[in-house]
Amino acid sequence: MEAETRLLELAGTLAALPPAGTVPAALRALAAAYAPDAPLPRAMAQAWLGSRGDKTARLALAWARERVRFTLEEILARATARGALPGSAETRSWLILAAGEAIALEPTSAVADRLRALLELSGYAADSA
């Protein structure tokens, strides 16, 4: 499944980021992967629709998405918590992934603004200027 492969590749990209500046780099990678014109959002939509009635396909898609979320959680757990995002690294990773996925529904011209908002909320806007 294309979406599953793309999600696992994204998780691998995030996991391979160097320790210095990992959170801002992860947020940039997430925004790029979910940009409206990127292949991942279309693959996700097609996979979600195609998996209706197929528990195995839906589970595989959910597992691949969870790998991305878990990788974000690991990155956030290693970094000092800062910014306005509340909760544990697990909670923040869920919020960030949801925000990243929402970027796919925005106009292409809004991606930079949404990334800037994520950087501000997570406390890394100054680091990426």
Side-chain angles (χ1 to χ4, degrees):
M1 178 185 319
E2 179 186 0
E4 182 182 355
T5 300
R6 290 189 181 282
L7 285 167
L8 294 174
E9 287 172 353
L10 176 57
T13 297
L14 295 174
L17 291 171
T22 303
V23 174
L27 296 177
R28 279 191 211 89
L30 193 68
Y34 281 103
D37 55 353
L40 180 58
R42 180 181 305 268
M44 288 289 296
Q46 290 171 340
W48 185 254
L49 291 172
S51 68
R52 293 185 67 153
D54 183 348
K55 274 176 136 178
T56 304
R58 193 164 279 195
L59 182 61
L61 188 60
W63 180 84
R65 182 184 179 275
E66 182 63 9
R67 290 299 315 146
V68 173
R69 194 212 52 81
F70 185 69
T71 304
L72 283 169
E73 180 182 340
E74 290 177 334
I75 289 168
L76 293 169
R78 287 191 305 263
T80 302
R82 48 199 263 195
L85 287 177
S88 65
E90 179 180 7
T91 299
R92 289 180 287 133
S93 68
W94 174 73
L95 291 169
I96 289 170
L97 180 55
E101 291 169 337
I103 289 173
L105 304 174
E106 298 285 341
T108 303
S109 60
V111 172
D113 183 53
R114 301 312 179 255
L115 173 58
R116 189 172 29 260
L118 275 174
L119 288 164
E120 286 174 9
L121 284 170
S122 60
Y124 288 90
D127 295 8
S128 61

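One is the number of the first residue; the rest follow in order along the sequence.
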Are Thr13 and Thr71 side-chain neighbours, meaning at least one heavy-atom pair lies under 4.5 Å?
no
Where is the tightest heavy-atom contact between Thr91 and Pro86, given as atom of each residue plus distance?
CG2-O, 3.9 Å
Heavy-atom nearest pair, Ala43 first then Ala3, reads O-CB, 3.4 Å
Indicate, with yes or no, if Met1 and Leu59 share a hydrophobic cluster defined by side-chain heavy-atom contacts under 4.5 Å among Ile, Leu, Val, Met, Phe, Trp and Tyr.
no
Can you sort out the partners of Leu40 under side-chain contact (heavy atoms from CB on, under 4.5 Å), two or more places apart, ordered by chain and number?
Arg6, Leu7, Leu10, Ala33, Tyr34, Met44
Taken to the nearest 0.5 Å, the spacing of Leu27 CG from Ser122 OG works out to 4.5 Å
Working to the nearest 0.5 Å, report the span between CD of Glu120 and CG of Leu115.
10.0 Å
Is the number of heavy atoms from other residues, nucleotides or ligands within 6.0 Å of CZ (Arg69) greater than 12?
yes
Under 3.5 Å donor-acceptor pairs involving side-chain atoms of residues 102-113, not counting sequence neighbours:
{"from": "Glu106", "atom 1": "OE1", "to": "Arg114", "atom 2": "NE", "distance (Å)": "3.4"}
{"from": "Glu106", "atom 1": "OE1", "to": "Arg114", "atom 2": "NH2", "distance (Å)": "3.0"}
{"from": "Asp113", "atom 1": "OD1", "to": "Arg116", "atom 2": "NH2", "distance (Å)": "3.4"}

Is the positively charged end of Arg58 above the ring of Trp63, judged by distance under 6.0 angstrom from the centroid and angle within 45° of the axis?
no
Side chains of Ser88 and Leu76 in contact at under 4.5 Å (non-hydrogen atoms):
no
Would Glu73 and Arg92 pass as an ion pair if we require N to O under 4.0 Å?
no
Are Leu17 and Leu8 connected into the same hydrophobic cluster when the rule is that any two of I, L, V, M, F, W, Y join if their side-chain heavy atoms are below 4.5 Å apart?
no
Straight-line distance of Ile75 CD1 to Leu14 CG, nearest 0.5 Å:
5.0 Å
Return the CG to CZ distance between Leu121 and Arg82, rounded to the nearest 0.5 Å.
13.0 Å
Assess the residue pair Arg65 and Glu101 against the criterion (side chain to side chain contact (heavy atoms under 4.5 Å, CB included)); give the C-alpha distance rounded to whole Å, side-chain angles, the decisive distance to 0.1 Å, and a yes or no.
CA-CA 10 Å; Arg65 182 184 179 275; Glu101 291 169 337; 2.5 Å; yes
If Ile, Leu, Val, Met, Phe, Trp and Tyr residues are connected whenever their side-chain heavy atoms lie under 4.5 Å apart, and connections chain through other members, are Leu95 and Phe70 in the same group?
no
